[in-house]
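Note: hydrogens, waters and symmetry copies are ignored here, and every other heavy atom, side chains too, is used. Order of appearance sets the numbers: ligands from 1, and atoms from 1 within every ligand.
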Amino acid sequence: MKLHGIAASDGVAIGKVFLFEKTEVEINKDKITAEQVDTEITKISDAINSYVEELQNRETTSEAAQEVTAAHIELASDPALIDSTSDKIKNQLINVELALESTIDEMVMVFEMMDDAYLKERAADYRDIGQNIMYKLKGIVPKTLSSLDDDYIVISDELTPTDTSTMDKDHVLGFAMNLGGKTSHSSIIAQTLGIPAVVGMKDITENVENGEFIILDAIEGVIIKNPDEATVKAYEEKFEIMKRTKELTEKYKFEDAVTKDGKDIEVVCNIGGISDLVSGLEEGAEGVGLFRTEFLYMESNDFPEEEKQFSVYKEAAEKLEGKPLIIRTLDIGGDKGLNYFEFPKEENPFLGWRALRVQFDKTDILRTQLRAILRASTFGNVKILLPMIISVNEIKKIQELLEVYKEELKLEGIEYDENIEVGIMIETPASVFMARDLIKYCDFFSIGTNDLTQYILAVDRGNEKISHLYDYFNPAVLRAIKEVIAASHEAGKWTGMCGSMSSDSLATYLLLGMGLDEFSAVGAKVGTIKSIINNVTLEDAKKFADEVLELDNVEEIRNLLKAKSNEFKL
Ligand code: PEP
Ligand code: MG
C-alpha cells in the first residue's frame, strides 16, 4: 500500500518506524490579580532567557541547523515577543501561559496568511519557539530524538526545527510527517543532512505502527507499507546506487572536471538570483552558465531600474571572483508573465511576443538591462546571453545597440568590459539550421534543450497529455545538438548547455562524446556530472556518442544510455 505526501529531501530509506509524539502541555487558563502581574512578567522573561541560553549551548546536527538555531535566538530575543506577552498579562490580567499562547498564535497567524510559500513556513518556527518557551515555563523537559537505540524511520505529526536540529542523525534513516512543506526549516535541515524526508502526509501517524517495516521513497514522495520481497530488493538496489552517487558527488564536487585523457570541461550552474549562486558555489560550480534574469523582473512591482539590476549583477560577479557569469537578457512572454505589464492574449504564446521580440519593440527595457550588465562587467568575468535567437540580424542589432550603450557609458565616465562576450541560446530550429552563420557573429552557443525539444518535436513543454512525447533523447534533438556543437568548433568557438538535459546524469557521457564544452546544471548535480567526466575518456565517449547517434528511435537510445549508466553504477 502506498501513502502519498510531498518529497522534501531526496533519498530512499528502508527500515522500521519510530512514532515520535510531541510532549503535550496543558495551558493554565487562570486569571490573575493586579498584584500578580509583575511575577508573571518575570516568569516570561526568565523563561525566554533560559530558552535563549539553551539555544546558545545547543549541539546541532549541521551548519543549516546552526543557522536555524541562530535565527531562533534572534526571534526569541525580539522585544516584540516579551512586550506583547507582558502587555497581555498587564491589560487582560491573564496568566503568563495564556498570554504567551495568545502572542504566539497571533504571530503564527500572520505568517500562515502570507502568499509566499517560504514566509508561510516561518509559522512553524514561531510554533516551535512558543512550545519551547512554554516547556520552560512549566519546567518540562520535552522528549527529543537526540539519542535513539537503533536505526529508525521517524514518523510524526510535525517535526519542529528543534527536533531536526538536535536529532540523532546516525540513527535517523529518514522521516515523514503529517504537516510541513518543502521550504520548512525541518525540510531544509533534512536536505543538508542528506536524510530523506516526506512531508505533508496528512495522516501518516494514523496509518503506521511503531516498529512496522516500511519503505520511505522521498523521490516519489511516498511511503510503502507491507512491501513484497521484489519491491524491497528493487529499493535496496536503488538505495545502493544513490549511496554511491552521493559519495562520488561529495568526492568530486570541488575537483576540476577533466576526462582521463585530458579534456577540460567546465561545470557551472543555472541561477535565478543570488541565493542560487551561493548554493551553486557550495556544490562546486565553477561559474554560472545561465542567470535567468526573469525572476528579478517577476519579483518587482515595476521594471527594475538600472541601479537595482546593476547592484545584483555586480554582487553576483564579485561573488564569483573571476569565474564566468553568463547573464541572459530578459526572456519574458511564453509561460512567464509580469503582473505590472500586460501581454496581449495570444493564440500561441510560446511562438509569440517573447524575449527579444518584446525588447526590440521596447528598447528602453533592453537599454536598462544591457547598461546594467555592461556596468557590472568590470567587476568580474561577465558575458551576455541572448535567448530565442532565430536570425543573424537579431545578433547584429544587439551588437549595434551594445556599441551605442558603450559609447553612452564612456561619455558618462563609467567603466565596462570593452571585450564583453556575447553568446546566443540555441533553442529554436532556425538557430540549429543557421548555426554556422550565427557563430560568425557571436562568441559562444548555449543550448536550451527545454525549448529546443518543444520546438523541434512540436510538443508543448508544459502539456501533460503529450509529455510522453517530450524527450530530449529523441534522435531528432540529439542530431541537432551534434550539429550545433560541430558548427561552433569549426569556427574555433565553444558550446555549452543550460537546458535541463545538462543536469541529467543519464545524458552526461553522451553529451561529452558529442563534444559539449560546458555543462550548466542545477547546483545539486554539479558533483555528479564532474564525477562522470573524471572517470571516463573523451575517446570512448565519442565512440559511444557515434553509436547512439546511429539509432533511429528514442526507446533504443534510452535503453543504451541506461545500460551504460549501470555499467558506471551511476
Ligand atoms: C531552455 O529553454 O532550455 C532554457 C534554458 O531556457 P528556459 O527554460 O528559461 O526557457
Ligand atoms: Mg528557453
In terms of ring plane angle, is the pair F303 and Y340 parallel, tilted or perpendicular, where the classes change at 30° and 60°? perpendicular
List ligand 1 atoms under 4.0 Å from M425, heavy atoms only on the residue side. 4 (C), 5 (C), 6 (O)
Compare every heavy atom of V267 with every heavy atom of A257, then report the nearest pair and how far apart it is. CB-CG2, 3.7 Å
Does the ring of Y509 carry K564 above it, NZ/CZ under 6.0 angstrom from centre and within 45° of its axis? no
Checking heavy atoms under 4.0 Å, the part of Q454 that sits near ligand 1 is neither
Any salt bridge between D256 and K530, counting N to O under 4.0 Å? no
Ligand 1 and G448, any nitrogen or oxygen pair closer than 3.5 angstrom? yes
By residue and atom, what protein N/O/S atoms are less than 2.8 Å from the Mg ion (ligand 2)? E427 OE1, D451 OD2
Quick one: does ligand 1 sit under 4.0 Å from the side chain of R354, the backbone, both or neither, non-hydrogen atoms only? side chain
Ligand-residue contact atoms, ligand 1 with C498, heavy atoms, under 4.0 Å: 5 (C)
Side-chain atoms of residues 324-334: list all donor-acceptor pairs with protein atoms under 3.5 Å, sequence neighbours left out, distances to 0.1 Å.
unit_1, atom_1, unit_2, atom_2, d
R328, NH2, E294, OE1, 2.8
D331, OD1, R354, NE, 3.1
D331, OD2, R354, NH2, 3.1

Name all residues meeting the salt bridge (Lys or Arg N to Asp or Glu O under 4.0 Å) criterion together with E305; count only those two or more places apart in sequence or in a different chain, and write none if there are none. none
Side chain or backbone of M501 under 4.0 Å from ligand 1, or both, or neither, by non-hydrogen atoms? neither
Quick one: which ligand 1 atoms are inside 4.0 Å of a heavy atom on R292? 4 (C), 5 (C), 6 (O), 7 (P), 8 (O), 9 (O)
Taking 4.0 angstrom as the limit, do K397 and E400 come out as a salt bridge? no
Within-cut-off N or O pair, S500 and ligand 1, under 3.5 Å: no
Hey, can you pull the donor-acceptor pairs under 3.5 Å for the side chains in residues 376-392, sequence neighbours left out?
unit_1, atom_1, unit_2, atom_2, d
S377, OG, L374, O, 2.4
S377, OG, D417, N, 2.8
T378, OG1, R375, O, 3.4
N381, ND2, G322, O, 3.4
S391, OG, E394, N, 3.3

In terms of side-chain geometry, is the basic nitrogen of R558 or D471 positioned less than 4.0 Å from the acidic oxygen of its partner? yes
Would you check whether R328 has a nitrogen or oxygen atom less than 3.5 angstrom from a nitrogen or oxygen atom of ligand 1? yes
Drop me the distance from N450's CG to S502's OG, to the nearest 0.5 angstrom. 8.5 Å
